[in-house]
S.K.: 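Once you've had a glance at the structure underneath, I'll fire off some questions.
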Amino acid sequence: MQKFNVVLAGYHRSFGHRPDKTFICLIFDSESSKWRKFVSFQDDYFTHMNRNQVVYLNGSLHWLTGSCSCILVLDLKCDIWGKLLLPEEVICGTGIRVHLLELDGNLSIVQISEAWMTIWLLKNYDKEEWEMVDRVSLRCIRGMVPGIFPISQTGQYIFLATHKQVLMYHRNSRVWKDMYSVENSSTLPLWFSAHAFRSTVFSCS
């Protein structure tokens, strides 16, 4: 069985009060079958969306901050928090959304505006060197842009979703394809989480 970690992390909150800046983290190690705990002072809050968009890479977990000012890094080996800078061209503001994903074993930033989707790749992790690898026109899906968000990507494809459907964009042919749509006329949104499948902790056989 592969070694794995389970991380439970959140801000301390006394009953009836707002969360303070004390960040408590519990990490389960499958090799020792034990939990360890460490407490730190963390003043960069996650939004609900960014909290769920975590990327595991180089033995660390990565989150975007709620303000998109940087990427927070939790080193699971040393129990230490760190930060990575975003590309200088990446901005957050009205009509612009920023998402953190993985791309071919590297960190990737996807910035979506009203007309364009720009994809950045962290080419050198230690030196924090970013490279823009794609810029996609969103003209063909203009009506969906306000509610669309990326859920997974590879070197050839990027999958995005709205509350009603899942779309696939083929980078080489620059063609959009509808992968899944809600068939009935329900007005309720399609809430879900989607992640790229790599392997299982336990054998499927």
S.K.: Is the backbone of E31 close enough, under 3.5 Å, to the side chain of D29 for a donor and an acceptor to pair up by distance?
M.R.: yes

S.K.: Measure the spacing between CD1 of I141 and CD1 of I148 and express it to the nearest 0.5 Å.
M.R.: 3.5 Å

S.K.: If we ignore hydrogens and angles and just use 3.5 Å, is the side chain of W63 paired with the main-chain N or O of L100 as donor and acceptor?
M.R.: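 No; zero donor-acceptor contacts below 3.5 Å.
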
S.K.: How long is the span from the CG atom in L167 to the NZ atom in K177, to the nearest 0.5 Å?
M.R.: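 Going from CG on L167 over to NZ on K177, the span is 12.0 Å.
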
S.K.: Which atom pair, heavy atoms only, marks the closest approach of Q111 to E89?
M.R.: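 Heavy atoms of Q111 and E89 come nearest at OE1-O, 4.1 Å.
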
S.K.: Quick check against the 3.5 Å criterion: does E102 have a side-chain atom that pairs as donor or acceptor with the backbone of V55?
M.R.: no

S.K.: Any sub-3.5 Å donor-acceptor pair from N5's side-chain atoms to F28's backbone N or O?
M.R.: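 Indeed, once roles are kept as given, a pair shorter than 3.5 Å links the two residues.
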
S.K.: Would you say the side-chain atoms of R171 pair up with the backbone N or O of T154, donor to acceptor, closer than 3.5 Å?
M.R.: yes

S.K.: State, with a plain yes or no, whether a side-chain heavy atom of V166 is found less than 4.5 Å away from one of I151.
M.R.: yes

S.K.: Is V136 reachable from W116 through a run of I, L, V, M, F, W or Y residues, each pair having side-chain heavy atoms under 4.5 Å apart?
M.R.: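 No, because W116 and V136 fall into different hydrophobic clusters, even though each may have its own neighbours under 4.5 Å.
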
S.K.: Same cluster for I91 and W120 if Ile/Leu/Val/Met/Phe/Trp/Tyr side chains link at under 4.5 Å?
M.R.: no

S.K.: Any chance you could lay out the side-chain contact (heavy atoms from CB on, under 4.5 Å) test for D104 and L121, step after step, and finish with the verdict?
M.R.: CA-CA 9 Å; D104 295 336; L121 184 70; over 6 Å; no

S.K.: I need the minimum non-hydrogen distance between S40 and W81, along with the two atoms involved.
M.R.: OG-NE1, 3.2 Å

S.K.: Going from CG on D134 to OH on Y169, what distance comes out if it is rounded to the nearest 0.5 angstrom?
M.R.: 6.0 Å

S.K.: What distance separates L8 CG from K37 NZ, expressed to the nearest 0.5 Å?
M.R.: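 Those atoms lie 12.0 Å apart.
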
S.K.: Run the side-chain contact (heavy atoms from CB on, under 4.5 Å) check on W176 and L160 step by step: do they pass?
M.R.: CA-CA 10 Å; W176 291 91; L160 303 100; 3.6 Å; yes

S.K.: Is a side-chain donor or acceptor of E114 paired with a backbone partner of V145 at a separation under 3.5 angstrom?
M.R.: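 It does not hold such a pair.
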
S.K.: Could you tell me the separation between the CZ atom of R36 and the SG atom of C25, rounded to the nearest 0.5 Å?
M.R.: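 Going from the CZ atom of R36 to the SG atom of C25 covers 8.0 Å.
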
S.K.: Indicate the atoms forming the closest heavy-atom contact of V98 with L64, along with that distance.
M.R.: O-CD1, 3.6 Å

S.K.: Does atom CZ (R142) have a neighbourhood of more than 12 heavy atoms from anything else shown, all under 6.0 Å?
M.R.: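 12 or below, so no.
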
S.K.: Are I109 and L57 grouped together when hydrophobic residues (ILVMFWY) are joined by side-chain heavy atoms under 4.5 angstrom apart?
M.R.: yes

S.K.: Are L85 and I71 connected in a single hydrophobic cluster, I mean Ile/Leu/Val/Met/Phe/Trp/Tyr linked by side-chain heavy atoms less than 4.5 Å apart?
M.R.: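 No, I71 does not connect to L85 through the hydrophobic network.
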
S.K.: Determine the minimum heavy-atom distance between F38 and I27, stating which atoms define it.
M.R.: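 The pair with the smallest heavy-atom distance is CE2-CD1, 4.0 Å.
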
S.K.: Are V90 and C68 packed together at the side-chain level, in the sense that at least one heavy-atom pair is separated by less than 4.5 angstrom?
M.R.: no

S.K.: Mind telling me whether H170 and Y157 have parallel, tilted or perpendicular rings, with 30° and 60° as the class edges?
M.R.: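 Ring orientation, 0 to 90° scale: perpendicular.
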
S.K.: Just how far is it from atom CE of M144 to atom CD of Q165, taken to the nearest 0.5 Å?
M.R.: 4.0 Å

S.K.: Looking only at heavy atoms, which two atoms of T65 and L72 are closest? And how far apart?
M.R.: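 The answer is CG2-CG, 3.7 Å.
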
S.K.: Which pair of non-hydrogen atoms, one from L138 and one from S113, has the smallest distance, and what is that distance?
M.R.: CD1-O, 3.6 Å

S.K.: Determine, step by step, whether M117 and V110 satisfy the side-chain contact (heavy atoms from CB on, under 4.5 Å) criterion, reporting the C-alpha distance in whole Å, the side-chain angles of both residues, the deciding distance to 0.1 Å, and the verdict.
M.R.: CA-CA 7 Å; M117 176 172 64; V110 179; 3.7 Å; yes

S.K.: Just say parallel, tilted or perpendicular for the rings of H62 and Y125, cut-offs at 30° and 60°.
M.R.: perpendicular

S.K.: Would you say F159 and Y180 are hydrophobically clustered, going by side-chain heavy atoms of ILVMFWY under 4.5 Å?
M.R.: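 F159 clusters together with Y180.
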
